[in-house]
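Being a predicted model, the structure only gives us computed values, none of them experimental. Throughout, protein chains are lettered first and strands after them, A, B, ... in sequence-line order, and every chain is numbered starting at 1.
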4 protein chains.
Amino acid sequence: MAMARTATGKKTRVQRSEEVRDALFQAAAEVVGEYGYVDASITRITQRANLAQGTFYNYFASRQEIFDELLPVLGAKMLAHIRQQAGGARTFLEKEELSFRAFFSFLKRMPYFLRILNEAEIFAPKAHRQHFRNITASYLRFLQKARAAGEIADLSDDSLEPLIYMLVATRGYLALRYTNENGVVNLPEEAVTVYLQLLSNGLIAPSLVPINIEGRKEP
Amino acid sequence: MAMARTATGKKTRVQRSEEVRDALFQAAAEVVGEYGYVDASITRITQRANLAQGTFYNYFASRQEIFDELLPVLGAKMLAHIRQQAGGARTFLEKEELSFRAFFSFLKRMPYFLRILNEAEIFAPKAHRQHFRNITASYLRFLQKARAAGEIADLSDDSLEPLIYMLVATRGYLALRYTNENGVVNLPEEAVTVYLQLLSNGLIAPSLVPINIEGRKEP
Amino acid sequence: MAMARTATGKKTRVQRSEEVRDALFQAAAEVVGEYGYVDASITRITQRANLAQGTFYNYFASRQEIFDELLPVLGAKMLAHIRQQAGGARTFLEKEELSFRAFFSFLKRMPYFLRILNEAEIFAPKAHRQHFRNITASYLRFLQKARAAGEIADLSDDSLEPLIYMLVATRGYLALRYTNENGVVNLPEEAVTVYLQLLSNGLIAPSLVPINIEGRKEP
Amino acid sequence: MAMARTATGKKTRVQRSEEVRDALFQAAAEVVGEYGYVDASITRITQRANLAQGTFYNYFASRQEIFDELLPVLGAKMLAHIRQQAGGARTFLEKEELSFRAFFSFLKRMPYFLRILNEAEIFAPKAHRQHFRNITASYLRFLQKARAAGEIADLSDDSLEPLIYMLVATRGYLALRYTNENGVVNLPEEAVTVYLQLLSNGLIAPSLVPINIEGRKEP
DNA sequence: AATGAATGAGGATTCATTCAT
DNA sequence: TATGAATGAATCCTCATTCAT
């Protein structure tokens, strides 16, 4: 897509400005991904962006401000990626599997995201809470739809909330556990299987299916 | 239990020394619990313990050293608490419920533990890994026993591992989500219920129980 | 010599930067000269330079770094001064006298140099060794030339080395001994005389000139 | 030599006390010899003496106090050693050679002395000055005697002083230069030779002996 | 007299932020 | 708008010295 240019073909002031801002943002994401928020100094960020320290403050009011922006922007990308990947699915379980996998494929593409996400809880708590609300809301709608369609058990909204937390937590932790020292996630296929198995059947051995779900037996 | 005293009834040097060390440890736990590792300065810790800054270094070689000790000590307490609470349980599900509840009752008793646990991943990674290994190993033995007893589905050890991660993650996240701004955990009963429901039956609506577990229907 | 200026007549950033660095260097030299390396704190140095503490670290990576720079820079000045003063001399003894005197006149001009030089042995050992090597090498060439010209006794190179150490030591110690509490060197003329006398004739009374140099008597 | 004991054969309180003091002194000497004054902390000294930190202050009022005592005590030992070694000598030159060599043999026996001596200039200046005065005074008497005996040139007392400084400096520097990284002095024989040669004849080549000592030539 | 814990002043260093150019 | 030097608050840590036991 062609960019707007001035008559002489040079970039607009606005464009140039946006580029610098993006460069800072990208640099910050990488630096936080590599060193963590604590060691993401302005010096490091501006150096990576090939800019002077002072320039930073032309675009962000403070160090915290850019930290607070990291997760919202990247989180939106993550959601978009997941939606796109899980779009074609029909059944609840299919969709769940696809979006589960999509989360991990996103991490492969953007390895620094996981650290940003994780540490944000500590260093950008507001942003983290917001991100989390976004995820939860989206998930809630999905589960409500599945419930309405009779695809999943008839849980109250009050139960749906902790359930979502559990599923989201699961993804995050698995990612963390299966990330090697180089920051590359390598999820074993068993993880996917057992995740789906838990969702479908729970853990209890068939022979011991509790009485209170006996109802299943008689259609 | 009566403490050893000197003939004059005063405390031993050793005792006094232990008390001071404990005071520092306790102060550090509280300060980290309240402000997080980043803002747990030596000044804050020693002030809370009513000691001079220099005294700190009579007991710990560095700030990091006490940080590294926090989780192991408190984590052991947590495990002890859970074991004690879940001791009486018979079935897998019972035990799981009791230890699940025990985790949260421990947090009620020791509110600063959660933050210490969470941030340790970043600020005391070695300690965190070790703590995690402890938890995982303990959990693994438990699940293997249940599997041997036919109480849970016949999952491979390779599947047990991610499963454990999921369950552990679940507890941690729920705690985080249901902790209010004062650091008090308030887990809704629905969370317990849905957790156990997930373990027992999974999520899928009875009418849609996948074919591969049809076996359940015919005793 | 006119300094480069910007169009507006103000100093360049680079110039300003050099000035600040020089100010720090000069301040450090003075402070070390007055208080010694041990008590040459960053606080003292920056205060003397009328700069904030932090500014120091924009120019030097550490306290040790500036310490290591002191002697090389000032030592080079010393050598230059001596060379310039002793330039015109013809004979060995003349040159020796001039450079001997030049060493002390340099100390008059730069009173803090002596302490910097002396303590450097302890606090900037690398720099001190290097300085010493420079001096020694320069001296060695000088003596070799004099030897080749038959101006001094025909000593082996292995003898020249300790000899140089002796001469260098002599200057340093004399300076130390004849420095008063205000740091001002006041070398008595006798010191010069006896130094030259030692070089020319040694100490032994004429009547007792050892046999092995009897050769002198008969041309 | 039998030590005074109490009736029961135990050591006197005074004796015990002296032993502890000596242990501290010896420890301090070693520590300063190894690490230098700067890093000779009370902790290090008392640890080496197998005593508690506090014990130090029962014997010395301050860290500086023991520093100030080091050189006087060891310096006296050095002088005693030199006197003993040079005792038998007859001529000036013989005595000079023996005491020159004795200085270095003392360093072989007490390797930490050199560092103590050198750094004392900075860290125990008073003691250093005193030590220096002792040396100088002793040397002066020696030279005056030699002068009276007509063994050395007829120098004024005002000339003897700087001369002594030169000779003392020479020894110190040579020791420094020929000490290896393990603190062992290894003086090459050339150093002795050239030292004595300088004393006997000076440096000037025989053919160029200055006119003002021509007197030598004609008996 | 011996002990060793407690003290707190002091020092090097880091780094977010400001600001003149 | 970009720059990068200047700032100074904040922090960890060391260590001589004190003092109660």
Roughly how many Å is it from [atom1] in [X] to [atom2] in [N], rounded to a whole number?
| X | N | atom1 | atom2 | value |
| --- | --- | --- | --- | --- |
| B:Asn50 | E:dT7 | CG | P | 9 Å |
| A:Leu24 | F:dT3 | CG | C1' | 13 Å |
| B:Glu65 | F:dC12 | CD | P | 15 Å |
| B:Glu18 | E:dG4 | CD | C1' | 16 Å |
| D:Glu19 | E:dA2 | CD | P | 11 Å |
| A:Phe60 | E:dA16 | CZ | P | 15 Å |

May I ask you to test the D:Leu24-D:Thr46 pair for a side-chain heavy-atom distance under 4.5 Å? yes
Kindly indicate whether the side chain of D:Tyr112, heavy atoms from C-beta on, has any atom under 4.5 Å from the side chain of D:Val32. no
Most 5' of A:Asp39 and D:Phe56 on DNA chain E, judged by nearest nucleotide: D:Phe56
Output one line per pair: protein atom, nucleotide atom from nucleotides 8-10 of chain E, and distance, for all N/O pairs under 3.5 Å.
unit_1 : atom_1 : unit_2  : atom_2 : d
E:dG8  : N7     : B:Gly54 : N      : 3.3

Minimum-distance nucleotide to [X] side chain [options: [options]]:
| X | options | answer |
| --- | --- | --- |
| B:Tyr57 | E:dA12, F:dT14, E:dA5 | F:dT14 |
| A:Tyr59 | F:dT1, F:dC12, E:dA16 | F:dT1 |
| D:Arg63 | E:dT3, F:dA6, F:dA16 | F:dA16 |
| B:Val20 | F:dC12, E:dA6, E:dA2 | E:dA6 |

For C:Gln47 and C:Val31: C-alpha separation, side-chain torsions, deciding distance, then whether side-chain contact (heavy atoms from CB on, under 4.5 Å) applies. CA-CA 10 Å; C:Gln47 259 174 8; C:Val31 168; over 6 Å; no
Any salt bridge between A:Glu34 and A:Arg44, counting N to O under 4.0 Å? no
Do the charged groups of C:Glu69 and C:Arg21 touch, with an N to O distance under 4.0 Å? yes
Pairs counted as Watson-Crick or G-U wobble with both distances under 3.5 Å: what dot-bracket string results for DNA chain E, using | for bases tied to another strand? .||||||||||||||||||||
N/O donor-acceptor pair, side chain C:Asn58 with base F:dA5, under 3.5 angstrom: no
Donor on one side chain, acceptor on other, A:Asp22 and A:Gln26, under 3.5 Å: no
